[in-house]
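A quick write-up on the structure given underneath.
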Amino acid sequence: MAYVINDECTACGACIDECPEDAIAEGDIYVIDPEKCTDCASCADVCPVEAIHPE
Ligand code: SF4
Ligand code: SF4
């Protein structure tokens with residue numbers, strides 16, 4: 001399991017500093033590395049457009 005970012009992402013940057021595993025990469029749409037994600041949900045809690053969900 002890992003959290004995933006869907007195409008609702010507006011690249012606002014709010015999630016990236018919340019990740020304790022440094023699993024989120026910047027881009028036109030941000031991307032979570034499933035090898036690093038521990039399902040803590042910290043990123044999903046701060047996303048203003050609810051683009052982050054458990055896979
Ligand atoms: S769920 Fe937690 S570990 Fe996974 S990407 Fe979000 S903040 Fe990082
Ligand atoms: S907080 Fe949400 S909208 Fe902002 S960069 Fe992360 S996934 Fe994209």
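One-based numbering, in listed order, for ligands and for the atoms of each. Only heavy atoms go into these numbers, but all of them, side chains included; no hydrogens, no water, no symmetry mates. We number each residue from 1, following the sequence as shown.
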Exercise. Just how far is it from atom OH of Y30 to atom CG of N6, taken to the nearest 0.5 Å?
Worked result: 15.0 Å

Problem set entry | Per-atom contacts, ligand 1 versus T38 - under 4.0 Å to a heavy atom | 3 (S), 4 (Fe)

Exercise. How many angstroms lie between NE2 in H53 and OH in Y3, if you round to the nearest 0.5 Å?
Worked result: 10.0 Å

Problem set entry | Neighbour list for ligand 2 [protein residues, heavy atom under 4.0 Å] | I5, C9, T10, A11, C12, G13, A14, C15, Y30, C47, P48, V49, I52

Problem set entry | Side chain, backbone, both or neither: the part of A41 lying under 4.0 Å from ligand 1 by heavy atom | backbone

Exercise. In ligand 1, which numbered atoms sit nearer than 4.0 Å to a non-hydrogen atom of E21?
Worked result: 3 (S)

For this session: Find all atoms of ligand 1 within a distance of less than 4.0 Å from any non-hydrogen atom belonging to C40, and give their numbers and elements.
Result: 1 (S), 2 (Fe), 3 (S), 7 (S)

Ignoring hydrogens and angles, write down the donor-acceptor pairs under 3.5 Å from the side chains of residues 13-28, residues two or more places apart or on other chains.
none

Less than 3.5 Å apart, which donor and acceptor atoms pair up between the side chains of residues 31-51 and the rest of the protein, not counting sequence neighbours?
residue	atom	partner	partner atom	Å
D33	OD1	E35	N	2.8
D39	OD1	A2	N	3.4

Seminar exercise, completed: For M1 and E55, the nearest pair of non-hydrogen atoms, with its separation, is SD-O, 3.4 Å

